[in-house]
Amino acid sequence: MANGLKSSTAARVRFAPSPTGYLHIGGVRTALFNWLWARKTKGTFVLRIEDTDQERSTPESRQIIFDSLRWLELSWDEGPEVGGDHGPYTQMERLSIYKEWSERLIKEGKAYRCTCTKELLDQQRAELKAKDPKANFRYPGTCRNKPDAIPDVPYVVRFKVPTDGVVTYVDKVFGEVTTPNKAQQDFVLLRSDGIPLYNFGAVVDDLAMGITLVARGRDHMVNTPPQILIYRAFGAEPPDMAHLPMMLAPSGEKLSKRHGAVSVTEYRDQGYLPAAVLNYLARFGWSHGDQEVFSLAELVEAFSWEACGRGDGKFDTKKFLAIQHEHMKRENLTSTKEYAARLVPFMKLRGLDVSASELEKTIYTVRERSRTLIEAAEGLDFFYREPHVTDDAAKAKFLVDTNAPNLKGFLSVIKDASEWTEAVLEKAVHDWLEKEGKQIKDVAQAARVALTGRTASPGLFQVLAVLGKDRSLARLESAIAIAEVTPAPPPPPPKEGAGKEGATKEAPKG
RNA sequence: GGCCCCAUCGUCUAGCGGUUAGGACACCAGCCUCUCACGUUGGGAACACGGGUUCAAUUCCCGUUGGGGUCACCA
């Protein structure tokens, strides 16, 4: 009962990445689930930078994290650049806090100073391994029972792990998990340079920041028992814990650069929509009946830890693209206004300086056929490029003398149309075709190549309407000029497959 | 190897004792069609194995197998 109440009241959750590179797609999922929970409970989403790995942390990575989260629209309520009552939100700025809290534990006999050097322990570990490759090295407890005094050599602070007993906690997605304490060693809290290790820094901060639920990847599940021991040493109740199943590469290996894009910024640059990225990630390890496509608001509404699965999954780029396509197609998911605004930079990349308001008028022609903003930009290119570019193969195949008469006829019909609208043009052309005893397919491809420069495009009459009368006529005229002086290629030889099929069918005759 | 976790179509998953085991992606075939798409109809495709519990197990329990995580003065 008390637990249910705790879950439904405003949660304080956090996302605590290390600034050691790009923001991994798996990290984004962790951020998303936390963010969803914060929004659903009308709670607080805290961003904390865990930069205690001085070797790997960089200011650039820190910036990438901010940029990525902002692009995804996963806004944080407390954290770097926005502030809050529990700062600072960067661990390297909290060193005095860790020092103070560790002294507290030492004073209470729950932790101790250890002067064993890393070199010594590495050596002991190596010796043991040499004797017995299967052996499990653990800190032997050399300094565990020494009376406390500040040594005159560098020392680390170690946690005094109880020699017996177990840690049991109820994971929000995995249920009850029990680990024996004797499986753990006296792990290090504070390094000799005063910088905390992950488990200590995270617990101190989560406690100090009033975090009520910790959600992270399953690779952290092994950290939970020692962390709970630390919470208890501080006389505190641990927050709720939730672990998320792993996202694996299609091969079943850990997801890495080798298996395609793992950095969110790559998806951004490939023309994915943030809402689509979030949608795919949300459905990975979480489900809501048969629903596949969600807006962000729907995710917030529907999300729950209970509906999270426990099995690891494999990242599927095809399904990801399909979800992305849905978001590109549906106006209620991506309004034309938003679509246009996001498209502008992709047009710019093609050297086309088109305003969002201009794009808003043409987007309807590519909505269903573009899966990404890059594809949309490609699809819209010929509307804005003057002169437009004609594909060589398309030109050679369609802008030829045998098509010239049809193109001329087509041109003169639309030129005389009573009104330059899709419907009127279509009717005019069809009337003409009927009179001529021709079909639209006899002229469509040549006209398409003339107008768009390619063999695949939006509907012919949509193209005419968007292009406008002057440009349409001009493009047709120059195409006709080319066609008239270009001899048609020889007809292709009969297809082998078709011949065989015919032979089979007519075999009884022979 | 120790500790921990997991197990339904190829993939993401629904299922919370009794179902023709459902959906989505992908795949195949058809329809639609001025191209590309979209849309649409249909199809193949799964409960890892072995014991229990039960009138009844995909579902609950145990084991086996398989997979994953982690064993640092990284996070």
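None of these values were measured; they are calculated from a predicted model. Letters A, B, ... are given to chains in the order of the sequence lines, protein chains preceding strands, and every chain is numbered from 1.
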Geometric cation-pi criterion, A/R29 with A/F33: 6.0 Å, 45°: yes
Rounding to 0.5 Å, atoms CD1 (A/I323) and CG (A/D316) come to a distance of 10.0 Å
Would you indicate what A/T117 reaches in the nucleic acid, counting non-hydrogen atoms under 4.0 angstrom: base, sugar-phosphate, or nothing? base
Interatomic distance, A/L248 CG vs B/rG69 P [rounded to whole Å]: 7 Å
Euclidean distance for C1', B/rU40 against B/rC49 (whole angstrom): 42 Å
Would you say the ring centers of A/W286 and A/F294 fall short of 6.0 Å from each other? yes
Side chain of A/T179 only, please: which of B/rC3, B/rC34, B/rC73 is the nearest? B/rC3
Sidechain N-carboxylate O distance under 4.0 Å for A/R62, A/E60: no
Evaluate the criterion side chain to side chain donor-acceptor pair (under 3.5 Å) for residue pair A/R94 and A/T52; output intermediate values, then yes/no. CA-CA 10 Å; A/R94 301 174 62 83; A/T52 55; over 6 Å; no
Can you tell which of B/rC4, B/rC36, B/rC73 lies closest to the side chain of A/A456? B/rC36
If you look at every strand shown and take non-hydrogen atoms under 4.0 Å, does A/V177 touch a base, only sugar-phosphate, or nothing? sugar-phosphate
Between B/rA24 and B/rC38, how many Å separate the two P atoms, rounded to a whole number? 15 Å
Would you tabulate the pairs of protein nitrogen or oxygen atoms and nucleotide nitrogen or oxygen atoms of nucleotides 12-22 of chain B closer than 3.5 angstrom?
{"unit_1": "B/rC12", "atom_1": "OP1", "unit_2": "A/K314", "atom_2": "N", "d": "2.8"}
{"unit_1": "B/rC12", "atom_1": "O2'", "unit_2": "A/R283", "atom_2": "O", "d": "3.1"}
{"unit_1": "B/rC12", "atom_1": "O2", "unit_2": "A/K319", "atom_2": "NZ", "d": "3.4"}
{"unit_1": "B/rU13", "atom_1": "OP1", "unit_2": "A/G285", "atom_2": "N", "d": "2.7"}
{"unit_1": "B/rU13", "atom_1": "O3'", "unit_2": "A/S287", "atom_2": "OG", "d": "3.2"}
{"unit_1": "B/rA14", "atom_1": "OP1", "unit_2": "A/S287", "atom_2": "OG", "d": "3.1"}
{"unit_1": "B/rG22", "atom_1": "N2", "unit_2": "A/D290", "atom_2": "OD1", "d": "3.2"}

Atom-pair distance (CZ on A/F461; P on B/rU35), nearest Å: 12 Å
Value for OH (A/Y272) from CZ (A/R371), rounded to nearest 0.5 Å, stands at 8.0 Å
Per nearest nucleotide of RNA chain B, the residue lying toward the 5' end, A/L190 or A/K441, is A/K441
Could you give the CZ-to-C1' distance, from A/F187 to B/rC74, as a whole number of Å? 16 Å
Closest listed nucleotide, where the reference is the side chain of A/R369 and the choices are B/rG69, B/rC4, B/rC36: B/rC36
For A/S370, which contact category applies under a 4.0 Å heavy-atom criterion: base, sugar-phosphate, or nothing? nothing
Closest nucleotide among B/rA26, B/rA75, B/rC34 to the A/K318 side chain: B/rA26
What's the gap between B/rC5 and B/rG44 when it is taken at their C1' atoms, as a whole Å value? 34 Å
Give A/P250 one of three labels, base, sugar-phosphate or nothing, depending on what nucleic acid heavy atoms sit under 4.0 Å from its own. nothing
Pick base, sugar-phosphate or nothing for A/S192, based on heavy-atom distances below 4.0 Å to the nucleic acid. base
Could you give the CD1-to-P distance, from A/I363 to B/rA37, as a whole number of Å? 21 Å
NA contact type, A/H220, heavy-atom cut-off 4.0 Å: base, sugar-phosphate, or nothing? base
Closest approach to the side chain of A/P180, judged atom by atom: which nucleotide of B/rU70, B/rC73, B/rC4 is it? B/rC4
Can you tell me how far apart CZ (A/R138) and CZ (A/F187) are? Round to the nearest 0.5 Å. 12.5 Å
Would you classify A/L460 as touching base, sugar-phosphate or nothing, given that sugar-phosphate means primed atoms plus P, OP1 and OP2, and contacts are heavy atoms under 4.0 Å? base
Please classify the nucleic acid contact of A/R158 as base, sugar-phosphate, or nothing, using heavy-atom distances under 4.0 Å. sugar-phosphate
Strictly by Watson-Crick or wobble contacts shorter than 3.5 Å, is anything paired with B/rC34, and which nucleotide is it? none
Tell me the partner of B/rG66, counting only Watson-Crick (N1-N3 plus N6-O4 or O6-N4) or G-U wobble (N1-O2 and O6-N3) with both under 3.5 Å; none if nothing fits. B/rC6
State which of B/rC5, B/rU70, B/rC73 makes the closest approach to the side chain of A/K254. B/rU70
Without decimals, in angstroms, what is the distance between A/Q184 CD and B/rA72 P? 13 Å
Can you check the distance between B/rU59 and B/rA21, where both ends of the measurement are the C1' atom (answer in whole Å)? 11 Å
Mark yes or no for a side-chain to base donor-acceptor pair under 3.5 Å between A/D219 and B/rA75, with no hydrogen or angle criteria applied. no
Watson-Crick or G-U counterpart of B/rC71, or none if no pair lies under 3.5 Å: B/rG1
Is A/N223 touching bases, backbone alone, or none of the nucleic acid, heavy atoms closer than 4.0 Å? base
From B/rA75, B/rC5, B/rC34, pick the nucleotide closest to the side chain of A/R56? B/rA75
To the nearest angstrom, how far is A/L433 atom CG from B/rC34 atom C1'? 10 Å
Just N and O in the side chain of A/T52: are any of them under 4.0 Å from OP1 or OP2 of B/rA75? yes
With the criterion being N/O to N/O and under 3.5 Å, what pairs connect the protein with nucleotides 39-48 of chain B, and how long is each?
{"unit_1": "B/rG39", "atom_1": "OP1", "unit_2": "A/K329", "atom_2": "NZ", "d": "2.9"}

Rounded to whole angstrom, note down the C1' distance from B/rG52 over to B/rA45. 31 Å
Suppose we define a pair by two distances each less than 3.5 Å, Watson-Crick or G-U wobble; what does B/rU20 pair with here? none
Would you confirm whether A/H388, through its side chain, and A/A450, through its main-chain N or O, come within 3.5 Å as a donor-acceptor pair? yes
Look at A/E326 together with A/R330 and state whether they make a salt bridge at an N to O cut-off of under 4.0 Å. yes
Find the partner of B/rA57: check Watson-Crick (N1-N3 plus N6-O4 or O6-N4) and G-U wobble (N1-O2, O6-N3) distances, both under 3.5 Å, and reply none if neither fits. none
Looking at A/D164 and A/K182, does any basic side-chain N land under 4.0 Å from a carboxylate oxygen? no
Taking atom P in both B/rA48 and B/rC12, compute the distance separating them and give it to the nearest angstrom. 14 Å
Given the ring of A/Y139, does A/R158 sit roughly above its face, with NZ or CZ under 6.0 Å from the centre of the six-membered ring and within 45° of the axis? yes
OP1 or OP2 of B/rU70 sitting under 4.0 Å from any side-chain N/O of A/R218? no
note: A/R62, atom CZ; B/rA75, atom P; distance rounded to Å ~ 16 Å
P atoms of B/rG63 and B/rA7, separation to the nearest Å: 15 Å
Can you say whether a donor on the side chain of A/R448 sits under 3.5 Å from an acceptor on the base of B/rC34, or the other way round? yes
Salt-bridge criterion met for A/E422 and A/K427 (N-O under 4.0 Å): no
A/Q91: which of A/D205, A/D51, A/D53 passes side chain to side chain donor-acceptor pair (under 3.5 Å): A/D205
Apply side-chain hydrogen bond (donor to acceptor under 3.5 Å, both in side chains) to A/K314 and list each qualifying residue two or more places apart in sequence or on a separate chain. none
How close or far is atom C1' of B/rC3 from atom CZ of A/F174, stated in whole angstroms? 16 Å
